[in-house]
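See below for the structure under consideration.
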Amino acid sequence: MARILVLHGPNLNLLGRREPGIYGRTTLGEIDRDLARLAAADGHQLESWQSNHEGELVDRIQDAPATFDGIIINPGAFTHYSLALRDALAAVRLPTVEVHLSNIYAREDFRHHSVVAPVALGQISGFGAYGYTLAYLALRQVLSSPKEGA
Ligand code: CA2
């Protein structure tokens, strides 16, 4: 049984209610519910959490190894500049998948760079809410593979 923490960064609580042309019509509640169902069907545990506050996200990442085996994170705008989030993810060393609803490389230049990507296993960008399902499948695969050297 794997335990997965899903973290959503700032403004993602507005999903489905504003800017549907960029971020789609699916609400964060719907994304979290679908992920929880997917994980439960596989016999895994999954908990989702959103915050608009950088320090709260850092706290959740720091606490994660006590309770979780891996992280799925959409850091929102923090993606592009939060060295605090990057350092926290690097420190805990849990397998992490970075998700973006939009294709950040097809948008403004300032969104083309992720400071989180180098400490993530990989990044999924541009598939809307389905990106979270893809991230879950990727993390499930990694967590079910035998550890090298074990
Ligand atoms: O595409 C993504 O998932 C982003 O992480 C979303 C962030 C943005 O700053 C990143 O560059 C890419 C913004 C999240 C804001 O979410 C909203 C949702 C609905 C209405 C307004 C904002």
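In each ligand, atom 1 is the first atom listed, and ligand 1 is the first ligand listed. Keep in mind that what you see is a predicted model, and the values were worked out from it rather than measured. Counting from 1, the numbers follow the sequence of the chain as shown.
Residues that satisfy the side chain to side chain donor-acceptor pair (under 3.5 Å) test with R3, not counting sequence neighbours, are D69. Looking at residues two or more places apart in sequence or on another chain, you find a salt bridge (Lys or Arg N to Asp or Glu O under 4.0 Å) between R60 and E47.
Rounded to the nearest 0.5 angstrom, L121 CG and Q141 CD are separated by 12.0 Å.
E54 and N52 share no donor-acceptor pair across their side chains, judged by distance under 3.5 Å alone. In the model, E98 has no side-chain atom that pairs as donor or acceptor with a side-chain atom of T79 under 3.5 Å.
Ligand 1 is surrounded by P10, N11, L12, L14, L15, R18, E19, Y23, N74, G76, A77, H80, H100, L101, S102, I104, R111, each with at least one heavy atom closer than 4.0 Å.
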If you look only at distance, which donor and acceptor atoms sit under 3.5 Å apart when one is on a side chain in residues 127-138 and the other is two or more places apart or in another chain?
unit_1 : atom_1 : unit_2 : atom_2 : d
Y132   : OH     : H8     : ND1    : 3.2
Y132   : OH     : N74    : ND2    : 3.3
Y136   : OH     : D42    : OD2    : 2.5

